[in-house]
Amino acid sequence: MSGEPGGAAGRTTGPSGGLRLAALRGGFGALDRVAPEVGARWAVRIWCTVPRGGGLRRDERPGEGERSTVAVAPGRDVVVETWGSGEPVYLVHGWGGWRGQLGAFVAPLVAQGRRVVAFDAPSHGESAPGFLGPRRSTALEMVDALKAVTAAHGTPAAVVAHSLGATVTTIAVTDGVAAGRLALLAPSAEVLSMTRTMARHLGYGERTRSRFDRRLEALARRPLRDFDLTAHDVTVPVLVVHDRQDKEVPHADGVRVAGTWPDGTLVTTEGLGHRRLLRDPGVVDVVTRFVAASDGAQGSSPAR
């Protein structure tokens with residue numbers, strides 16, 4: 001399972017993008033009628049294609065940290081960067097992102113006496129391609145990468161995760177990664193709504209979508225229900241930060257996620273969208289205080 005709203009299928013704005021989308025919709029519409037299995041294979045390929053960097057390549061790091069690699073599988077290493085010393089706090093980027101996007105959290109967390117550990121997921125940033133090849137990956141492969149990095153660098157005192165990284169982190173925690181607390185920024189509540197959104201965007205119907213869902217489950221080797229954050233029992237303190245104007249993951253998803261778990265807190269921002277909240281001083285402060293807290297999530301008022 002992989003992809004997210006605004007991913008490879010969604011980047012079709014502008015004149016050339018409009019023509020490409022029209023061609024995709026025409027092709028998928030025809031395949032849905034005569035060869036839905038072929039359409040499903042094509043849709044999975046699009047779903048698993050990592051979007052090119054562009055604006056996602058923004059670098060907020062205060063400076064270069066100590067660089068190393070961790071093997072997720074033979075021949076498939078991910079790049080890791082660390083700053084400071086003390087209990088580790090992990091930064092987990094989303095689909096199409098890279099470790100530098102969350103760099104604004106590094107200096108405040110190091111000042112707390114924490115060791116900050118960030119990494120690029122397979123086929124992202126400077127890491128090696130995943131098992132599907134260059135520019136392709138899956139959420140499960142990102143989960144495996146987080147497990148490998150935490151095994152190498154120590155049990156997380158906290159994890160700060162963005163977008164699909166929030167799903168990756170939640171699955172890793174329920175699979176046994178013993179994180180002390182989680183700060184989830186713009187999390188998506190569940191994947192099934194995303195597959196329906198993609199079907200509407202690309203113009204295919206239920207015949208293709210049902211086969212697409214089955215292919216995703218086979219690729220992930222687990223039911224799509226596992227990628228529904230509200231289906232997991234998370235008992236550690238969780239802070240959810242979500243912007244009302246997020247155009248990629250609806251604010252309602254953050255509300256659902258924060259309300260699902262017994263120790264969840266929601267912070268709502270205004271006007272930061274899906275990525276600008278990663279470098280907003282108010283958000284950085286709320287997350288830093290949450291990581292530093294020893295008794296439950298902090299910050300019930302908007303960060304901005």
Side-chain angles (χ1 to χ4, degrees), residues 1-14 17-18 20-21 24 43 46-58 60 91-102 104-105 120-121 123-125 135-139 142 160-171 182-203 216 224 227-230 239-258 266-280 283-284 287 302-304:
M1 200 291 295
S2 193
E4 65 178 23
R11 301 189 181 282
T12 51
T13 56
R20 177 173 179 268
L21 177 58
L24 283 171
I46 291 174
W47 181 267
C48 294
T49 298
V50 178
R52 296 190 184 278
L56 305 184
R57 188 68 183 181
R58 190 178 181 105
E60 300 293 337
L91 306 180
V92 183
H93 66 74
W95 185 244
W98 79 297
R99 66 188 189 278
Q101 278 182 292
L102 285 83
F105 296 97
D120 292 336
S123 292
H124 289 72
R135 285 199 61 217
R136 300 185 70 204
S137 189
T138 69
M142 294 172 71
V160 180
H162 177 234
S163 197
L164 184 66
T167 303
V168 167
T169 298
T170 302
I171 293 172
L182 309 178
L184 308 182
L185 312 178
S188 178
E190 46 94 11
V191 69
L192 287 176
S193 66
M194 293 160 60
T195 69
R196 296 186 186 100
T197 298
M198 182 166 167
R200 289 194 299 271
H201 187 76
L202 293 180
L216 284 188
L224 293 185
F227 297 91
D228 180 347
L229 269 64
T230 64
L239 174 69
V240 175
V241 183
H242 214 125
D243 193 80
R244 290 191 193 277
Q245 281 75 52
D246 191 325
K247 295 181 180 180
E248 297 195 23
V249 180
H251 175 256
D253 279 28
V255 175
R256 282 183 60 196
V257 171
L266 174 69
V267 167
T268 294
T269 63
E270 297 281 355
L272 297 178
H274 189 63
R275 295 185 182 85
R276 203 158 66 249
L277 84 173
L278 295 178
R279 58 184 186 271
D280 179 77
V283 173
V284 172
V287 171
R304 180 169 179 147

Minimum-distance pair of heavy atoms, taken over all atoms of [X] and [Y]:
| X | Y | value |
| --- | --- | --- |
| Cys48 | Thr138 | SG-CG2, 4.2 Å |
| Gln101 | Leu278 | O-CB, 3.9 Å |
| Ala189 | Asp253 | N-OD2, 2.9 Å |
| Val287 | Leu185 | CG2-CD2, 4.0 Å |
| Met194 | Ser188 | SD-OG, 3.2 Å |
| Trp47 | Thr195 | CH2-CG2, 4.1 Å |

Do the side chains of [Y] and [X] get nearer than 4.5 Å, heavy atoms only?
| X | Y | value |
| --- | --- | --- |
| Val92 | Val160 | no |
| Val241 | Leu266 | no |
| Phe227 | Val168 | no |
| Val249 | Ser163 | yes |
| Lys247 | Gln245 | no |
| Val284 | Asp280 | no |
| Leu239 | Leu182 | no |

- Query: Would Thr268 and His251 count as having a side-chain donor-acceptor pair, cut-off 3.5 Å?
  - Reply: yes
- For Arg279, all residues meeting salt bridge (Lys or Arg N to Asp or Glu O under 4.0 Å), sequence neighbours excluded: none
- Residues in side-chain hydrogen bond (donor to acceptor under 3.5 Å, both in side chains) contact with Asp228, at least two apart in sequence or another chain: Arg225, Thr230
- Message: Under the rule for side-chain hydrogen bond (donor to acceptor under 3.5 Å, both in side chains), what residues qualify as partners of Arg196, not counting sequence neighbours?
- Response: none
Residues two or more places apart in sequence or in another chain: which of them pass side chain to side chain contact (heavy atoms under 4.5 Å, CB included) with [X]?
| X | value |
| --- | --- |
| Ala43 | Phe28, Met198, Tyr204, Phe212 |
| Ala121 | His93, His124, Met142 |
| Ser123 | Val50, Pro129, Ser137 |

- Looking only at atom types and distance, does a side-chain atom of Asp243 sit under 3.5 Å from a main-chain N or O of His274, one as donor and one as acceptor? no
- Do side-chain atoms of Asp120 reach the backbone of Trp98 as a donor and acceptor pair under 3.5 angstrom? no
